[in-house]
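The structure under discussion appears below in the form of structure tokens.
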Amino acid sequence: AKLAGYLCNPSSNDYSVERLCAEYAVEAGGEFEEEIYKNTALLTGVCDTLENRLGESGQARVLTDIELPLSTVLADMEKTGFLVNAEGLKSLGEELLERSNEIKKEIYEIAGTEFNVNSPKQLGEILFEKLNIPSGKKTKNGYSTSADILDGLRYDYPIVDKVLSYRQLTKLKSTYCDGLLSAVSEDGRIHTTFNQTEARTGRISSLEPNLQNIPVRTDEGKKLREFFIARDGYTLCDADYSQIELRVLASIADDKNMIAAFNSGVDIHTATASEVFGIPVDMVLPIMRSRAKAVNFGIVYGIGAFSLGKDIGVSRKEAQMYIDNYLKTYNGVARYMDNVIMHAKENGFVTTYFGRRRYLPELSSSNHMVRSFGERVARNAPIQGTAADIIKIAMVNVYNRLKSDYPDSKLILQIHDELIVECPEKDKDAVCRLLEEEMQNAADLKVTLSVDAHSGKNWLEAKG
DNA sequence: CTCCGAGTCAGG
DNA sequence: CCTGACTCGG
């Protein structure tokens, strides 16, 4: 009932039978001697209603073929958990504490006073009032001290550089070293909880602890992944989709140029730059690729010139020019983006390739901000949601094949476009091939899905 | 002591 | 665009 309720309205936040009965006007009817009989009647009634709704909205298969079988897979993943090297986490935590304390002292010296660096309020006062560093005003209660503001000041003001370093170290220490350590169970493993009815796009989320946001982008953060390990005699196999969301976009927009770009085998951002700037692939400069990459991301997110300009540090006007050129190159994407909003305004919802819905009441708001938000979501949700559907299908298929062919191998984690299996060492190559095959074949799109799989004794190594 | 919003930052 | 955790401060 909960999963059916989620599919009927993924924007809700309570799928209890009680709440569902209220939402869909289900009543038990008659008198009941005991509470449990009444609850059973309500549950039966609400299941009938939801089943009908799913049939009418074309989501019956999303429930029966994706979400219900997935729930078993997720339960098994939670139960299995991920083995960690707790000693390693602990000593890294101690090292981070020492280093952050050093930096904290240096910050106090430059500031000429001791204060709580972790308090944005106090930090803002020190930096932008006491030290008169130019501020890029913002926030309700004062100055913004966020990384994107401080980043532009770090080379001119040593204290800013130190604050950013301090923040990085304390983040790693508190959220990851301490946070993960407190989540290690008796068996030495971390058992996250997967929430299957939280994300409005159809993704799953991970909490207590969140294993879907373990650092990877910085070298400092990456080290953490060495402490996520396979048990003795076992290996980790890690497989991830390459550019799944852009491939989904190329396919559902049926954009001939973007499909050709993927089929060319050239790195997609380089290929995009080559198309947009009208130059050969080998003439693409790093800055051009970087711009093209930002636009590719921006398009997937449904963002406009304002956010894009802010992201890549150019004017709104210049950003608009990039977007215009991009949409001229990928005119199928342009057509798709218009159509999806038209459809959404007509029907009040958008759908993924597999029929999953998201309702968008924001589109009929009289508030421009709210409406624009609705339009960005309308552009993004089908893409993000289709990618989520695809990896869910892959997970169910991987789970079934492992269970029959490699019963000692276990799926242990999903991170939106990535799957991790812990398998006996001798099976690692076969399991990598299995992952690649099932992930690639999870959906038949107009662009082939590309998957890279690697193995290793720890997560960092298995990432390849 | 608990709760909550805001700010910040980790991932996709 | 989609999430979750930690910290501060009320």
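Because only heavy atoms are used, hydrogens play no part in the values below, and waters and symmetry mates are left out as well, while side chains stay in. All figures in this text were calculated on a predicted structure; none of them were measured in a lab. Each chain gets a letter, A, B and so on, in the order the sequences are listed, and its residues count up from 1.
One interatomic measurement links the two molecules: CG of A:D148 to C1' of B:dA10, which rounds to 15 Å at whole-angstrom precision. B:dT8 atom P lies 15 Å from atom OH of A:Y166, rounded to whole Å. One atom, NZ of A:K310, and another, P of C:dC1, lie 11 Å apart when rounded to the nearest Å. Rounded to whole Å, the distance from CD1 on A:I323 to P on C:dC1 is 13 Å. Separating the CG atom of A:D219 from the C1' atom of B:dA10 is a distance of 16 Å, rounded to the nearest angstrom. Spacing between atom CG of A:L246 and atom P of C:dC1 amounts to 18 Å, rounded to whole angstrom units. Between the C1' atom of C:dC6 and the CD atom of A:E208 lies a distance of 13 Å, rounded to the nearest Å.
Residue contacts for A:S307: at a heavy-atom cut-off of 4.0 Å it reaches no nucleic acid atom on any strand shown. Counting non-hydrogen atoms under 4.0 angstrom, A:R379 reaches nothing in the nucleic acid.
Taking the ring centroids of A:Y326 and A:Y322, they lie at or beyond the 6.0 Å cut-off.
Listed nucleotides B:dG11, B:dT8, C:dC8 differ in distance to A:T145; the shortest reach to its side chain belongs to B:dT8. Minimum atom distance to the side chain of A:S119 is reached by C:dG9, of the listed B:dG12, C:dA5, C:dG9. Minimum atom distance to the side chain of A:T139 is reached by B:dT8, of the listed B:dA10, B:dT8, C:dT3.
In this structure, CD1 on A:I412 lies 4.0 Å from CZ on A:F82, to the nearest 0.5 angstrom.
Under the 4.0 Å criterion applied to side-chain N and carboxylate O atoms, A:D267 and A:R289 are assigned as salt-bridge partners.
Side-chain atoms of A:Y399 and A:R401 include no donor-acceptor pair closer than 3.5 Å.
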